[in-house]
Amino acid sequence: MIDKYNPSEIEAKWQQRWADDNLYQARDDDPRPKWYALTMFPYTSGDLHIGHWYAMAPSDVYARFKCMQGYNVLHPMGFDAFGFPAENAAIKRGIHPRTWTMSNIENMRRQLKSIGAIYDWSREVITCEPEYYRWTQWFFLKLWEAGLTYRAKAPVNWCPNCQAVLANEQVVNGECWRCETPVTRRDLEQWFFRITKYADELMKHDGLDWPERIKIMQANWVGRSEGAELSFGLDYPDVEEKEIRVFTTRPDTVFGVSFMALAPEHPLVRKLTTAEQRDAVEAYIDKARRRTEIERLSAEHEKDGVFTGAYVINRLNGENVPIWIADYVLASYGTGAVMGVPAHDERDFIFAGKYKLPVKVVVAPPDWNGRPLAEAYTGPGEMVHSDSFDGMPSEQAGIKISEFIARRGWGRRTVSYKLRDWLISRQRYWGAPIPMVHCEKCGIVPVLEKDLPVLLPENAEFKPTGESPLKYVDSFVNTVCPQCGGAAKRETDTMDTFMCSSWYFLRYASPLYADGAFNPDAVGKWLPADIYTGGGEHAVMHLFYSRFFTKALRDMGRLDFGEPFLRLFNQGTITHDHQKMSKSKGNVVNPDKYVSAMGADTVRAYLMFIGPWEQGGDWDDSGIYGLARWLGRIWSLALEPYEGGACGGEGLSPKDLSRVTHQTIRRVTGDMEKLRFNTMIAALMEFSNFLGKVRENGSVPVEDYREAVRVLLKLLAPTAPHFAEEVWARLGYAYSIHNQKWPEWDAALVEDEEIPLVVQVNGKLRDRLMVAANIDEASAKKLAQESEKVMVYTAGKTVIQVVYVPGKLVNIVVK
RNA sequence: GCCGAGAUGGUGGAAUGGCAGACACGCUAGCUUGAGGGGCUAGUGAACUUUAUCGUUCGUGAGAGUUCAAAUCUCUCUCUCGGCACCA
């Protein structure tokens, strides 16, 4: 009697052995083709929950599969360790963010090791270590040198709970992406990265194997629209500006302008407002400012505004157009000013209705009879009331009008984007300090590269006040100017943590490199990543920023590629009680208890088996025992003695076994490549079920049986690495199964000799015949029509057509 | 409102034009066993038929269509999830 499968014992044993043997250390000098299997590193929140396992375990399976296929695989792991939660937790518990973060890393590293993944821990990266953030700061300097960094006073998104500004990408439905607090606005002087310079490139994904969903989200985020910028004349002696510029996608409707709307923040508002309108305008500006992003953006929010008392001149027809302010006009998009064409824009139509402004049709709707419109007409049509452009199709008129305007210097064709520059300043302690110095004499001066890192002082009082805690650390703030040597003050804001994660995948290539952020040779070898897996929630954050970094580095001549991740795959979310897992909701599922009860291999297999990886699902552990049982059955199949060849020729033959074996190899390999782990495991289950039958049948010789078991173990090795290693060793095969070559299928052995031929009458299944696989069409049709079961349905009827699908079915159409 | 994904047994899911429900979970029965959601075997979409187990009909959110053939393709609609949302 063999002893039972005891996961906790064998998992600890093999993890130790693999670590001792450095089995998974990725070597730069390995001559085999490289494979960079990248998994999003976790934030150091404290505990790995089952969702982390769902991200980590299948990606490890795929990396292991690539190993066995003969690749030199880099599968690194690290920790995204800066950020507000560390600071908040530390404040709550009165401990230092570093202490909190490091103890979390301890725990998470232990949990990660329990997965049994092939992480190369010698390449671990922790973003809050000075050896790392030194280079994050270096990137800031390089982007500064490249002209991609600037400082500007701007209305910014403010999270009152985090007490810090947020980038646009980090505002989700008007709320902070991390703490879900409604975001308000503030005017602050902040650091920005000019990500908009790469707008066009960021919306393209040529040659990338990425989910369509993510590509579309990124393209929508960039929000490119083509149109024209054109100016309206201003004629006020005491106002120095002589025009107001607007952006429009519909230059064809410029003859239909009946008002202009400025954003409340538009710089001309105060200059133009007349004395009579001053009070109303000031009150409106005040109201608009107090509105949170949510209120302002809510669909129900009525479009309102106030007349400024001033007028602009529509240069095309010389009309005076009243200037209003309205908070539906965004200061940050286009020019912050909109031409109001009520007849051809839904918002303008509503606005005009409310304030009794004229609705002038300039693009005739189909069959228009000249009567007033009941709603805005936004489609194309024939031009009317537009001087010399009358009669033209509106699409053509748009181009003609743009050209007309351009010739007179009143405007030009242009492109506008929704994407805004990346705001990276954060008024918090736990982040990489921005390596800049404010000198009274020299202005803003970058810290010298040799003086990096600008160390985060340990002794800060890090209570959030709305200002950076670093402001109150005199020893940090007071420095000398790198340029003139005089007294100067350091920048006290820290960097958005997304900066740290925008380049960590480069650091893995040469994690200990001291002469730069990365060793160009190592990066040349490993990058770009062949596959990147992680949650889809970072579509317009991390993934977007990383692409920006990569492109900027390419243009600096520091990288010879512009896309960091060739293939992207987003696993779904594991919810619990149909809600996202979070500590505050108290619905976090800890994998540790399952691992200690049933072993990592069972948990790995279960997570992959519950459904398509991209789909996720609600956590329900009721099926996990099925997977544990399955491994137990394979344990017996492989290890319990088998005396084959008993019935000699009866029952299942060695040929049947080899055919099923090769079919399984084909299915498993194909599913692996497609990351279809659920069907991959189903295929393995079918194979083990078949082996059970073979064993019961007893007609296959021992050596054939053994060979099939060997194949099963190899195919199972990525999924259940400890289990496969243990059984492999017990069968006396050489260590390690993970260094074995991935099995290949033989096309000749895959094909069945006999196949079931489906026979339908009028599309309904009537019989199934076992026929030779290479049956010809005529015989197949003949056999089908001669079937007794079929003849019941064809008797007395006329055969109209007989459809034959080779190797599959015959459909007899009768009447 | 716009964009994207989806809806299949009691449950998770399989099948991407050709046998619907693979593979599991659960359940039922039997065997085994000293119990602790133990092991093994068989059955398990629904209805009908039948004390003949053979068969028939229906069935993939709803409705139409294309096709010899539709879960799969097309159109319309409903619902669910995700994203974007006054972008001029």
Side-chain angles (χ1 to χ4, degrees), chain A residues 4 172-174 211-221 223-225 227 246-250 253 260-261 263 296-303 326-330 332-341 344-348 350-351 416-420 536-537 539-540 570 572-573 575 578 605-606 609-612 614-618 620-627 629-630 632-633 636 676 678-689 692 696 756-768 789 792 800-805 807-814:
Chain A
K4 285 193 100 177
V172 177
N173 292 328
E212 213 53 38
R213 195 174 58 87
I214 302 290
K215 291 196 276 189
I216 289 168
M217 274 168 76
Q218 292 199 339
N220 289 345
W221 191 255
R224 179 190 162 96
S225 40
V246 301
F247 173 76
T248 179
T249 53
R250 294 291 302 275
T253 64
M260 171 169 287
R296 190 167 166 178
L297 294 183
S298 85
E300 299 89 64
H301 171 48
E302 209 181 327
K303 283 152 197 52
D327 69 359
Y328 77 79
V329 181
L330 307 174
S332 48
Y333 180 75
T335 62
V338 173
M339 64 181 208
V341 186
H344 305 295
D345 181 277
E346 277 160 34
R347 278 163 324 195
D348 295 347
I350 293 166
F351 194 83
S416 195
Y417 299 93
K418 288 191 220 175
L419 180 68
R420 311 201 198 140
E537 67 274 17
V540 292
N570 298 116
T573 311
T575 54
H578 301 281
Y606 180 61
F609 185 63
I610 50 178
E614 68 271 23
Q615 201 173 289
D618 200 52
D620 172 10
D621 62 14
S622 60
I624 196 167
Y625 306 96
L627 277 293
R629 240 173 278 165
W630 175 54
R633 276 198 299 273
S636 319
R676 307 266 314 233
N678 56 329
T679 48
M680 184 270 286
I681 292 189
L684 288 175
M685 285 175 168
E686 282 181 55
F687 187 39
S688 66
N689 290 346
E696 204 181 317
L757 183 72
V758 170
V759 186
Q760 297 176 329
V761 179
N762 287 344
K764 286 203 163 100
L765 173 73
R766 294 305 176 194
D767 199 4
R768 229 168 295 183
K789 286 177 184 166
V792 173
I800 297 170
Q801 190 187 350
V802 181
V803 180
Y804 175 63
V805 182
K808 275 188 181 150
L809 82 133
V810 175
N811 186 15
I812 303 161
V813 186
V814 296

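The partner of B:rU11 is B:rA24, by the rule that a Watson-Crick or G-U pair needs both atom distances under 3.5 Å. Nucleotide B:rU41 forms a pair with B:rA29, judged by Watson-Crick or G-U wobble geometry with both contacts under 3.5 Å. Across all strands shown, B:rG59 remains unpaired; no Watson-Crick or G-U wobble contact has both distances below 3.5 Å. Of the nucleotides present, B:rU74 is the one that pairs with B:rA64 by Watson-Crick or G-U wobble criteria, both distances under 3.5 Å. Here B:rG4 sits opposite B:rC81 as a Watson-Crick or G-U wobble pair (both hydrogen-bonding atom distances under 3.5 Å). For B:rC19, there is no paired nucleotide, since no Watson-Crick or G-U wobble pair has both relevant distances below 3.5 Å.
Rounded to whole Å, the distance from CZ on A:Arg213 to P on B:rC3 is 17 Å. Atom CG of A:Asn570 is separated from atom C1' of B:rG82 by 12 Å (rounded to the nearest Å). Protein atom CD1 of A:Ile681 is 10 Å distant from nucleotide atom C1' of B:rC23, rounded to whole Å. For A:Asp618 and B:rG13, the CG to P distance is 10 Å, given to the nearest whole Å. One atom, CH2 of A:Trp221, and another, P of B:rC87, lie 15 Å apart when rounded to the nearest Å. Note: CD (A:Glu614) to P (B:rA14) measures 9 Å, nearest angstrom. Between the CZ atom of A:Phe351 and the P atom of B:rC86 there is a distance of 16 Å, given to the nearest Å. At whole-Å resolution of the value, CG in A:Leu809 and C1' in B:rG17 are 11 Å apart.
Each of B:rA24, B:rC23, B:rA15 was ranked by its minimum atom distance to the side chain of A:Arg633; first place goes to B:rA24. The A:Ile216 side chain lies nearest to B:rC3 when the options are B:rC3, B:rC23, B:rA88. In this structure, of B:rC86, B:rC3, B:rA20, it is B:rC3 that holds the atom nearest to the side chain of A:Asn220. Nearest to the side-chain atoms of A:Thr249 among the listed nucleotides B:rG12, B:rA88, B:rC87 stands B:rA88. Distance from the side chain of A:Glu686 is smallest for B:rA22 among the nucleotides B:rG12, B:rC87, B:rA22. With distances taken from any side-chain atom of A:Lys418 to the nucleotides B:rC86, B:rC40, B:rC84, the minimum falls on B:rC84.
One cannot find a donor-acceptor pair under 3.5 Å joining the base of B:rC86 and the side-chain atoms of A:Arg347.
For the P atoms, the distance from B:rG61 to B:rA7 is 7 Å, rounded to whole Å. B:rC54 and B:rG45: their P atoms are spaced 16 Å apart (whole Å). Nucleotides B:rA64 and B:rA70 have their P atoms positioned 14 Å apart, rounded to a whole Å. Atom name P, nucleotides B:rU8 and B:rU56: the rounded distance is 28 Å, in whole Å. B:rU60 and B:rC19: their P atoms are spaced 15 Å apart (whole Å). Rounded to the nearest Å, the gap between the C1' atom of B:rA71 and that of B:rG21 is 11 Å. Distance check on atom P: B:rU16 versus B:rC73 gives 11 Å, rounded to whole Å. Atom P of B:rA85 sits at a distance of 50 Å from the matching atom of B:rA47, rounded to the whole Å.
You'll find the side chain of A:Lys789 stays beyond 4.5 Å of the side chain of A:Val761, heavy atoms only. Side-chain contact between A:Trp630 and A:Leu684 is present, with heavy atoms from C-beta onward closer than 4.5 Å. Contact of the A:Met260 side chain with the A:Val246 side chain is registered, since non-hydrogen atoms from C-beta on lie closer than 4.5 Å. Within the 4.5 Å cutoff, the side chain of A:Arg213 has heavy atoms near those of the A:Asn570 side chain. Contact check for A:Thr253 versus A:Met339: side-chain heavy atoms found under the 4.5 Å cut-off. The shortest side-chain heavy-atom distance between A:Ile681 and A:Tyr606 does not fall under the 4.5 Å cut-off. A:Tyr333 places none of its side-chain heavy atoms less than 4.5 Å from the side chain of A:Thr335.
Between B:rG13 and A:Gln615, a contact under 4.0 Å exists linking OP1 or OP2 to a side-chain N or O. Under 4.0 angstrom from either OP1 or OP2 of B:rA24 there lies no side-chain N or O belonging to A:Arg629. Phosphate contact (OP1/OP2 of B:rA69, side-chain N/O of A:Arg766, threshold under 4.0 Å): absent. In terms of phosphate contacts, A:Thr573 brings no side-chain nitrogen or oxygen within less than 4.0 Å of OP1 or OP2 of B:rG82.
Across all strands, A:Val813 comes closer than 4.0 Å only to sugar-phosphate atoms, never to a base (heavy-atom distances). Among the heavy atoms of the strands lying under 4.0 Å from A:Arg676 are primed sugar atoms or P, OP1, OP2 only; no base atom is included. A:Lys808 comes within 4.0 angstrom of sugar-phosphate atoms only, judged by non-hydrogen atoms across all strands, and of no base. At a threshold of 4.0 angstrom between heavy atoms, the contacts of A:Pro612 are confined to the sugar-phosphate backbone, with no base atom among them. A:Gly223 comes within 4.0 angstrom of nothing in the nucleic acid, heavy atoms only. Among the protein residues, A:Glu212 comes within range of no part of the nucleic acid, since none of its heavy atoms lies under 4.0 Å from any strand. If you check every strand for non-hydrogen atoms under 4.0 Å, A:Arg768 touches a base.
Crowding of A:Glu346 atom CD: a count of heavy atoms from other residues, nucleotides or ligands under 6.0 Å not exceeding 12.
Where A:Asn678 and A:Tyr417 meet RNA chain B, the nucleotide closest to each residue was compared, and A:Asn678 sits on the side nearer the 5' end. Map A:Asn689 and A:Asn811 each onto its nearest nucleotide of RNA chain B; the residue landing nearer the 5' end is A:Asn689.
Residues A:Ser225 and A:Thr249 approach most closely at CB-CG2, 4.1 Å, considering heavy atoms.
Applying the 90° cutoff around 0 to the glycosidic angle, B:rG9 is assigned syn.
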